[in-house]
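Working notes for the structure below.
Hydrogens, waters and symmetry mates are skipped; everything else that's a heavy atom, side chains included, is used. For ligands, and for the atoms within them, numbers begin at 1 and follow the listed sequence. None of the values given here were measured: they were computed from a predicted structure.
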Amino acid sequence: MAETPAERPRRQEQEPASVEITEVAPGILRSQLPISLPGLGHVNCYLMEDARGVAVVDPGLPGPQSWRALTDRLKRAGFKPRHVHTVIVTHSHPDHFGGAGRMRDAYGAEVISHRSFRTWFDPAEDEALPDDHDDAGDGGDAGDAGAASTTAASPWGRQMPWRSDVTFRPPVSRRLKFGLYRVMMKRFMRTPAPTRRVDDAEVIALGRREWVALHTPGHTNDHLCLYDPASGIVLSGDHVLPTITPHISGLVAGADPLTEFFTSLDKVAALDGVTLALPAHGHPFTDLRGRAQAIRAHHEERLDALRAAVRELGAASVEDYSHKLFRPRSWGQMAESETYAHLEHLRVTGEIVSHDERGTLHYALTE
Ligand SMILES: [Zn+2]
Ligand SMILES: [Zn+2]
């Protein structure tokens, strides 16, 4: 049965963006920018003041609306955009890198990301974008811009629809659609083009703190957390969120994103002396280790449910398995890409095998 709203309290991550600025740690301010994505009502944009001005972490979505919110929050905190000397982008999803390119172009801000930061619409990657989609279904997943997927069909055989959560809806002709979409992307999604790409364990001096870069692939390949060992503060991005589990997409380069995610969860759970986690969505929280372990346990349960489903169904498609794992209201591309990530994990670890059945991938128990 459908759950009533009373049975499903709103998650922290769904709260609409408040205009309030709160100091969550000495010299670190939490501001919130509006976004409207499934399960998400705001993105936290942290402001870190130092002698040179201010550094911002994850400056919201691309486009004028988010930019207005960003400049409003800066003003409420006593800053002008020109005071922003650095933008940190935790990963290649649009709700995190949106304002970065404009800050760089208009105010000369440094844009810091992990070494592997990559969006599929970078001009440098234009050659990789197909020009003609007439005979090839729809384009890639705009919402998961970091997924680097511009193929017409998913690896498991689903024709990829345009994400309904992207505000710009292209017109009917697929060819026109893709071309126009690309123009819009270039216009509004100014490429973040990082000016400094950091490696794991590199130290970044910002906001009167020495942050240690933690490469935490899983949610995306390029996810970056920052850790200040002196105070025990971790900027956890989308890697560890307070009450929802971050989406793990199978649509990333690399065979087994779930294993990468587990390794990254263990990595932050192993940090000593953590006092505060500052997530990209939802409220700051203190038990980073406990939360990382709980998220891992959630996926372990999902894997067990999937093992049971494989035994029950014998051989089935990603879509069929996703219907076993997710409730009907969640069915669709997001559920399938996460199910695909879990199935691939079991395949890579040798528990199940896959085969193609008329263009659709099927998974079954290893003989
Ligand atoms: Zn994300
Ligand atoms: Zn996010």
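- Heavy atoms of other residues, nucleotides or ligands lying less than 6.0 angstrom from CD of Gln65 number 12 at most.
- With respect to Thr243, the side-chain hydrogen bond (donor to acceptor under 3.5 Å, both in side chains) criterion is satisfied by exactly one of Arg10, Glu13, Arg291, His281: Glu13.
- Scanning for side-chain hydrogen bond (donor to acceptor under 3.5 Å, both in side chains) contacts around Glu312 gives Lys324, with sequence neighbours left out.
- Distances from the Zn ion (ligand 2) to each N, O or S atom of His281 single out NE2 as the nearest.
- Listed by chain and residue number, His223 satisfy the side-chain hydrogen bond (donor to acceptor under 3.5 Å, both in side chains) test with Thr216 (two or more places apart in sequence, or in another chain).
- A ring-centre distance under 6.0 Å is found for His93 and His219.
- Shown here are the side-chain hydrogen bond (donor to acceptor under 3.5 Å, both in side chains) partners of Glu202, two or more places apart in sequence or in another chain: Arg196.
- Within the protein, the N, O or S atoms lying under 2.8 Å from the Zn ion (ligand 1) are His91 NE2, His93 ND1, His219 NE2, Asp238 OD2.
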